[in-house]
Amino acid sequence: MARGEESAKGGRRSGRTAGGAARRALGLLSFLPVASRVPSYARLVWALALDPRTPGSRKALLGGALGYLLLGRDLIPDDTPIVGGLDDLVVVALAVELFLDGLPDDLLDEKLDSLAIDKTAFERDVAQIRRLTPGPVRRAVRRIPSALSAAGDAIDQSGIAPRIRTWINKEEPVG
């Protein structure tokens, strides 16, 4: 029986077909044009992060993703073959997606124009990257900004925020 064919019992064999591997490889090749535009997109994100019209909560998302990358504590250790760097890529992709989702359209359009980035290609690339991230993960991550906002509101309403700031800023006695 050939790989990937139905067995006599009606179940599919667990082996993968050579055609499936080729399709996956071709699918990855479709990301080469996106990869070639990453420097332009990095300049776009940088320009948006520096713009005072960009909401602070969106800038904090990028800061959190950068902190995750710099911290060195990963969900999947980097020395794990193939998938070791995947968690870093997913964190960056999700952070950038959330960052862009929270921006006013006119601000994004202005920056795309000023950096001479083709808006149609940009939207196509963003859609292609979103397809890489499983839907349940995307939906869960999209709840983060509202959850952070709700937590901040709860802390403000509790009156504990000034005490926490005092405790954090308290200097240890020298001696």
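Note that the numbering runs from 1 along the sequence shown for the chain. The structure presented is a predicted model; accordingly, all values stated were derived computationally and were not measured. Quick note: numbers below take in every heavy atom, side chains included, and nothing from hydrogens, waters or symmetry partners.
Not a single salt bridge (charged side-chain N to carboxylate O under 4.0 Å, His left out) links Lys59 to another residue, sequence neighbours left out. The ring-ring contact (aromatic ring centres under 6.0 Å, His included) search around Phe122 returns Tyr41, not counting sequence neighbours. Under the side chain to side chain donor-acceptor pair (under 3.5 Å) criterion, Asp118 pairs with no residue at all, not counting sequence neighbours.
Rounding to the nearest 0.5 Å gives a distance of 10.0 Å between CG of Leu112 and OG1 of Thr120. To the nearest 0.5 Å, the span separating CG on Leu107 from CG on Leu48 amounts to 5.5 Å. Here the CD-CG distance, from Glu110 to Leu115, works out to 10.0 Å after rounding to the nearest 0.5 Å. To the nearest 0.5 Å, the span separating CG on Leu61 from CZ on Phe99 amounts to 9.0 Å. Rounding to the nearest 0.5 Å gives a distance of 7.0 Å between CD1 of Ile117 and CZ of Arg43. Leu50 CG to Lys111 NZ: the interatomic distance, rounded to the nearest 0.5 Å, is 8.0 Å.
Remark: side-chain polar atoms of Arg58 are paired, donor with acceptor, to backbone N or O of Leu98 under 3.5 angstrom.
Residues Pro55 and Leu103 approach most closely at CD-CD2, 4.1 Å, considering heavy atoms.
Among Asp101, Val126, Leu44, Val45, the single residue meeting the side-chain contact (heavy atoms from CB on, under 4.5 Å) criterion with Val96 is Val45.
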